[in-house]
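Heads up: the structure comes next, in structure tokens.
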Amino acid sequence: YRGLIVVWGYHLLFVVGPWNIILTFCLAYSLKKDAEARDPPHRFLSTNDITAEQNLAFPPNQISNTKYTSWFVFLPACFAEQFGRFFNLYFLIIACLQLWSRITPVDPITTWGPLLLVFLASALKEGMDDFNRRLMDRVVNRRPTMVVRNNRKGIVRSEEVRVGDLVMVRKNEEFPCDMLLIFTPLPEKVCFVQTANLDGELDLKRRQVCDHMMDWGMTECYSWKGKIQCQKPNNDLDRFDSVGYQTTDIGGFNNFIGFPLSEQQFLHQGTVLKNTEFVYGIAVYTGNETKCGQNKTPPVVKFTGIDTTINTLSQIIFCVQLFIIAPIFGIIGNAQASGGGGGGGGSGGNSTGGLPSYLLGTTNAVSLPEPPSYEWIVIPLRFVLLCSLAIPISLKVTMDVTKIFYAAVISHDESMTAIVDGVAEHARASNTAISEDLGQVRLFPHLSAFCPLPSLPLSLSLSLSLSL
């Protein structure tokens, strides 16, 4: 295949033609199909054996929800996002125009200095938000988790859980990774989970051990040295088409018993165990390869109603300045400077370089060179700079500081608390970009007077406020 690619690349480079291009696309398609055939859509993992070569190829159970991976990525990405807003791009255009000494009446540092301070303040706010996400990830990754290795229980960090581990989860605890249910103490071999963190539903979901493991006890769970054939990591939350294999005592893996597994035995990461004292499960997907991790998207910059309004007004003001004020006053200024109304006479404009005669003493006393070809655009751009004060640059700093203040007030508000497992938890603003939109619940006018809002839990109320 490499030789064919080289040959066709040579033909495309020296003998470009439609047939070569068509054949190249056919070759690329066949290579893609060959790669899909060699890479099957499923994988194998060994149970109760984290040292197996198959399991070592899978990532650890380390969760990362941060937006920026390093400082080298943070600064370029942050500045690119800030300049993506027209409100910030407007000040960048004004600052670049002020670098031209012919059109600016002030030192460029008077605009570049505040502009850099504005973007540094925005970068600091984005960095604080990403740092808070990193701290929350650290809390989750360092959460103690009970695992069984070599028939012995032990406490490890959640980030140290590996694929194939036998994990024990107690009542009201979150599942640290995607697991396969193999044991529960209830007589029906069932357990109940709450998926509010996954889909927002408070109703409990029922999960049941597969038929092959109905008679298993703790001894069988600890000693199960088998394999699981499951799908590769994907974002389908409702499917888990897999097959479990139990090896026999004689013959090794060549003699095995296969049994089907489905989503009824699947326990999603982030869901909470309810109404069951404890369960045991095999870690199937870990880290960002879990179903929840596959459905995550990179954090995006969120805009509030105020941001959208100011961004729209900035575009309108800039269009008025560029297409109305600058052309009209630019034409008047150019006509006046060329001698049409400046008192210099008809031909005085060419000989004096556009200056009126009273500035030169005598009309023909000085002969200046012809003005450059771009002279006609100087006065219009001057009017653009003069009108740039219509949008104060300090508005950006004021908005960012206000958002940080709102987030701090929300986090320290004693009235915004909820009792969770007997502990009072405060509201947490994990993203300061939309803090002023929290709590803005709109009611229909004809219903607000007759249907008061019901008393909702704090977490649901904040979610409802955020979505609205």
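Only a predicted model underlies this, so the values are computations on that prediction, with no experimental measurement involved.
Here the side chain of Gln321 pairs a donor or acceptor atom with the backbone of Cys387 at under 3.5 angstrom. Using modelled atom types, one side-chain atom of Asn197 and one backbone atom of Gly270 make a donor-acceptor pair closer than 3.5 Å. His268 contributes a side-chain N or O that, together with a main-chain N or O of Leu237, makes up a donor-acceptor pair within less than 3.5 Å. For the pair Asp238 (side chain) and Asp236 (backbone), a donor-acceptor distance under 3.5 Å is absent. Proximity of a side-chain donor or acceptor of Asn88 to a complementary backbone N or O of Arg85 within less than 3.5 Å is not detected. Between the side chain of Thr286 and the backbone N or O of Pro59, at least one donor-acceptor pair lies under 3.5 Å. For the pair Ser314 (side chain) and Thr312 (backbone), a donor-acceptor distance under 3.5 Å is absent. In this structure, Thr184 contributes its side chain and Val279 its backbone to no donor-acceptor pair below 3.5 Å.
Counting non-hydrogen atoms of neighbouring residues, nucleotides and ligands closer than 6.0 angstrom, the CZ atom of Phe86 exceeds 12 such neighbours. Annotation: Asn150, atom CG; neighbour count of heavy atoms from other residues, nucleotides and ligands within 6.0 Å does not exceed 12. Residue Phe131 qualifies as open at atom CZ: its count of foreign heavy atoms under 6.0 Å is 12 or below.
Between Asp130 and Arg133, at least one side-chain N (NZ, or NE/NH1/NH2) sits under 4.0 Å from a carboxylate O, which counts as a salt bridge. For Glu188 and Arg206, the salt-bridge test fails: no basic side-chain N is under 4.0 Å from an acidic carboxylate O.
Residues Val148 and Lys153 meet the side-chain proximity criterion, which asks for heavy atoms closer than 4.5 Å. Annotation: side chain of Cys96 is in contact with side chain of Trp112 (closest heavy-atom distance under 4.5 Å). Residues Cys230 and Tyr285 meet the side-chain proximity criterion, which asks for heavy atoms closer than 4.5 Å. Counting heavy atoms from C-beta on, the side chains of Val163 and Glu289 never come closer than 4.5 Å. In this structure the side chain of Ser388 never reaches within 4.5 angstrom of the side chain of Val384, judged on heavy atoms. Side-chain contact check for Thr309 versus Leu313: some heavy-atom pair is nearer than 4.5 Å. Using a 4.5 Å cut-off on side-chain heavy atoms (C-beta onward), Met213 and Cys221 make no contact. Between Val190 and Arg207, every side-chain heavy-atom pair lies at or beyond the 4.5 Å cut-off.
A search for side-chain contact (heavy atoms from CB on, under 4.5 Å) contacts involving Ser262 returns Gln264, Gln265, not counting sequence neighbours. Applying the ring-ring contact (aromatic ring centres under 6.0 Å, His included) rule to Phe240 yields the partners Phe266; only residues at least two apart in sequence or on another chain are considered.
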Exercise for the section: Please report the C-alpha distance between Lys291 and Asn235 in whole Å, then the side-chain angles of each, then the deciding distance to 0.1 Å, and finally whether the side chain to side chain donor-acceptor pair (under 3.5 Å) criterion is met. Expected result: CA-CA 5 Å; Lys291 299 281 188 179; Asn235 58 357; over 6 Å; no
Practice task
Evaluate the side chain to side chain contact (heavy atoms under 4.5 Å, CB included) criterion for residues Met179 and Ile282: first the C-alpha distance (whole Å), next the side-chain angles of each, then the deciding distance (0.1 Å), finally the verdict.
Solution key: CA-CA 5 Å; Met179 299 167 47; Ile282 296 293; over 6 Å; no
Problem - Candidate pair Ile155 and Met146, rule side chain to side chain contact (heavy atoms under 4.5 Å, CB included), full reasoning - result: CA-CA 5 Å; Ile155 301 294; Met146 178 74 72; 3.5 Å; yes
Practice task
Report the C-alpha separation of Cys191 and Leu267 in whole Å, then their side-chain angles, then the decisive distance to 0.1 Å, and conclude whether the side chain to side chain contact (heavy atoms under 4.5 Å, CB included) test is met.
Solution key: CA-CA 10 Å; Cys191 70; Leu267 304 172; 4.2 Å; yes
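Among residue pairs with one or both ends in residues 166-184, those qualifying as salt bridge (Lys or Arg N to Asp or Glu O under 4.0 Å) are Arg143-Glu174; sequence neighbours excluded.
Nearest heavy-atom pair across Asn61 and Pro176 is ND2-O, 2.9 Å.
A side-chain hydrogen bond (donor to acceptor under 3.5 Å, both in side chains) with Gln246 holds for exactly one of His212, Lys225, Glu220, Lys227; it is His212.
Ring geometry, Phe278 versus Tyr280: the interplanar angle exceeds 60°, so the pair is classed perpendicular (tilted spans 30 to 60°). Using cut-offs of 30° and 60° for the angle between ring planes, the Phe318 and Tyr90 rings count as perpendicular.
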